[in-house]
**Student:** 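Dropping the structure in here first, questions after.
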Amino acid sequence: MNAKADSQRGYRIAVALVCGLVALWLAALMRDSAQVGDAYVPMGNDSFYHARRMIDVAEGRGLTQFDDRMHLPEGSWITWPWAYDWLGGQLLSLARVVDADARPMAVLGWIPVVWVLVNVALFTALAAAARLRIELVACAALAFALSGALQALHGFGIIDHHFIELSFVLASVLALMRWLDAPEQSRRAAIAGAVLGAAVAFHTGAFVLQVPALIALAIVWLRGEMPPGPQARVFGATLVAVTLLTLLPSAPFRDLQFSLTTLSAFHGYVALCTAIVTVLMAGKPFDRRQLAIVAGSAAVLGVPLIGGLLLGGAFLSGELLLFDRISEVRSPIADLFLAGARPAVFSLYSYLILLVPFALLWCLWTLTRRASPSQIAFAAWALFGLTLMLLQQRLVYFGLAAMVIVTVLILQQLGKALPRAGTAVATLIVVAISVQPQLSGQLFADQPAGLRRAYEMSYALYAPLADAWAEQPGHGHAGN
């Protein structure tokens, strides 16, 4: 048995490495588009601001958490937490120790490209944990590596934070599944709590990853399979402790803010609520009295969160001011019914998006049958992620892995009557067909510098404008 397990682990490592290198190669193709003359530029609006913060850190100016030049004249708190840009700045500083003449974007541009190896490895581990056979793990990992969405997150110069969010989306469910596979292991409980706690240091919205975890734990509790009390307390304590550690460097937290949009006491309170509800469920087996205690406690604890949750709901529904003008907050489902937008949807999501209704039904079916606790956790996470993915294009990273893995799981179940080789071939055919829009429409397509044609056309103006503004500050205004 140990020899077989070692063999399977070796195959998974090989799959992760090969598919990771494929994804890295494709992500690196955008390097030419990020180069203007002998300089590299960030790709995408948000990447410019991330680059500015990282360079500030590397050059000793500190991390900007309040920008007095944003929303003039009052200035504005920056909604992005500290961790991603601070760590990027540290990497740039380290690179300059090795090469003092290293150009910032020549270094920063490679961060998302190299990190794709981590996300492919996490995906491969998750596909195996979801109980795909090894040959189908390889098929799923290949589909993930060829995904247009993955390249939109990891392309050279796209130093936006969304690829790190994908890492926490994958790591959070993987850690929870491994804990539920061995619920008596305190170490696994601590890892699950630590991953969820650390996520908010990279994006304030990452606290929502606690929602599918709570849903899964609630279902497991209802079925009488809740992890033991001591391990539940380890999970809750670690979640709260790590969250508090991420809050300490946050200026909005030190400013005593309680807000969803900045890394503040709001996020510490959410972690505390999750911990309390988890411990209450683990304290006693499910019965009507304990259900009333848990539900009542959750309702009372949720009162201070109502304002933030209403704001989050408005964000997800696109009701905030000017959201109707931003393409990335459009629903891919709505765009599928627009002939002009349909090719872009397929290029980003692949044809697999057409199978998402079946994936959602599979999740609901799994949650209602006698599945193992770890499978319940996977199905709850997949249902949650796919739903968010269908609400807005920018939330693609929540459902990308679920879309691929659940589709292959369905094919695995449908192919039980076939030889294993037959199921693998059929799955490869589905993968080959599904990625056609990406191969032709995105992976090998030239992109304008900065992902904006107007920026590429006007790039030559910026150097002389900078010189002019240096001589006469305040005589110009620019936005990207």
Side-chain angles (χ1 to χ4, degrees), residues 8 11-12 15 19 120 122-150 166 169-170 173-174 176-177 180-181 212 215-216 219 332-333 336 345-346 348-390 395-438:
Q8 291 284 314
Y11 287 139
R12 289 198 298 270
V15 167
C19 292
V120 172
L122 287 170
F123 175 91
T124 305
L126 180 58
R131 300 183 182 176
L132 281 176
R133 296 196 299 264
I134 186 61
E135 66 274 14
L136 298 186
V137 169
C139 294
L142 181 61
F144 186 70
L146 294 175
S147 167
L150 191 70
L166 174 60
V169 168
L170 298 171
V173 67
L174 183 60
L176 182 62
M177 290 173 70
L180 293 179
D181 275 335
I215 292 172
I219 294 174
I333 298 300
L336 280 175
V345 173
F346 289 141
L348 186 67
Y349 294 87
S350 82
Y351 288 139
L352 291 182
I353 194 172
L354 299 175
L355 302 179
V356 166
F358 299 101
L360 292 170
L361 289 173
W362 180 92
C363 294
L364 292 171
W365 173 74
T366 301
L367 291 174
T368 56
R369 69 185 181 93
R370 197 68 186 177
S372 69
S374 65
Q375 293 302 295
I376 292 295
F378 176 79
W381 166 84
L383 181 63
F384 183 78
L386 289 168
T387 302
L388 290 182
M389 183 184 78
L390 296 180
L395 302 178
V396 61
Y397 48 86
F398 277 104
L400 174 61
M403 179 175 66
V404 175
I405 295 174
V406 174
T407 300
V408 179
L409 276 169
I410 293 172
L411 292 173
Q412 177 174 271
Q413 292 174 352
L414 292 176
K416 284 183 177 179
L418 298 175
R420 289 183 61 165
T423 305
V425 170
T427 303
L428 272 177
I429 292 172
V430 171
V431 169
I433 294 173
S434 70
V435 300
Q436 289 307 306
Q438 296 147 278

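Throughout, numbering of the chain's residues begins at 1 and tracks the sequence.
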**Student:** Between CD1 of I376 and OG1 of T366, what distance do you get to the nearest 0.5 Å?
**Tutor:** 7.0 Å

**Student:** What pair of heavy atoms forms the shortest contact from L390 to P332, and how long is it?
**Tutor:** O-CD, 3.4 Å

**Student:** Testing the basics here: between A140 and V408, what is the closest heavy-atom pair and its distance to 0.1 Å?
**Tutor:** CB-CG2, 4.0 Å

**Student:** For A424 and C139, work out which heavy atoms get closest and say how close.
**Tutor:** O-SG, 4.0 Å

**Student:** Can you tell me how the ring of W362 sits relative to the ring of F378, calling it parallel under 30°, perpendicular over 60° and tilted otherwise?
**Tutor:** perpendicular

**Student:** Evaluate the side-chain proximity of L166 to L170: yes if any heavy-atom separation is below 4.5 Å, no if none is.
**Tutor:** yes

**Student:** Should S147 and L400 be marked as a side chain to side chain contact (heavy atoms under 4.5 Å, CB included) after you check the CA-CA gap, both sets of side-chain angles, and the distance that decides it?
**Tutor:** CA-CA 9 Å; S147 167; L400 174 61; 3.5 Å; yes

**Student:** In Å and rounded to the nearest 0.5 Å, what is the CG to CG distance from L355 to L361?
**Tutor:** 11.5 Å

**Student:** Can you tell me how far apart CZ (F358) and CG (L352) are? Round to the nearest 0.5 Å.
**Tutor:** 12.5 Å

**Student:** How long is the gap from CG on L146 to CD on Q436, to the nearest 0.5 Å?
**Tutor:** 10.0 Å

**Student:** Indicate the atoms forming the closest heavy-atom contact of V169 with Y397, along with that distance.
**Tutor:** CG1-O, 3.8 Å

**Student:** For a quick test of reading the model, state the closest non-hydrogen atom pair linking G415 to T423 and the distance between them.
**Tutor:** O-OG1, 3.0 Å

**Student:** Would a 4.5 Å heavy-atom cut-off, applied to side chains only, mark F123 and I405 as touching?
**Tutor:** yes

**Student:** For residues F398 and T387, determine if any side-chain heavy atom of one lies less than 4.5 Å from a side-chain heavy atom of the other.
**Tutor:** no

**Student:** Using 0.5 Å steps for rounding, measure from the CD atom of Q412 to the CD atom of E135.
**Tutor:** 7.5 Å

**Student:** Can you measure from CG (L136) to CZ (R420) and round to the nearest 0.5 angstrom?
**Tutor:** 8.0 Å

**Student:** For side chain to side chain contact (heavy atoms under 4.5 Å, CB included), just list the numbers for V356 and Y349, CA-CA rounded to whole Å, side-chain angles, deciding distance to a tenth of an Å, and then say yes or no.
**Tutor:** CA-CA 11 Å; V356 166; Y349 294 87; over 6 Å; no

**Student:** Minimum heavy-atom separation for A216 to L176, with atom names?
**Tutor:** CB-CD2, 4.4 Å

**Student:** Before you tell me yes or no, could you show the steps for F384 and V173 under side chain to side chain contact (heavy atoms under 4.5 Å, CB included), namely the whole-Å CA-CA distance, both residues' side-chain angles and the distance that decides it to 0.1 Å?
**Tutor:** CA-CA 11 Å; F384 183 78; V173 67; over 6 Å; no

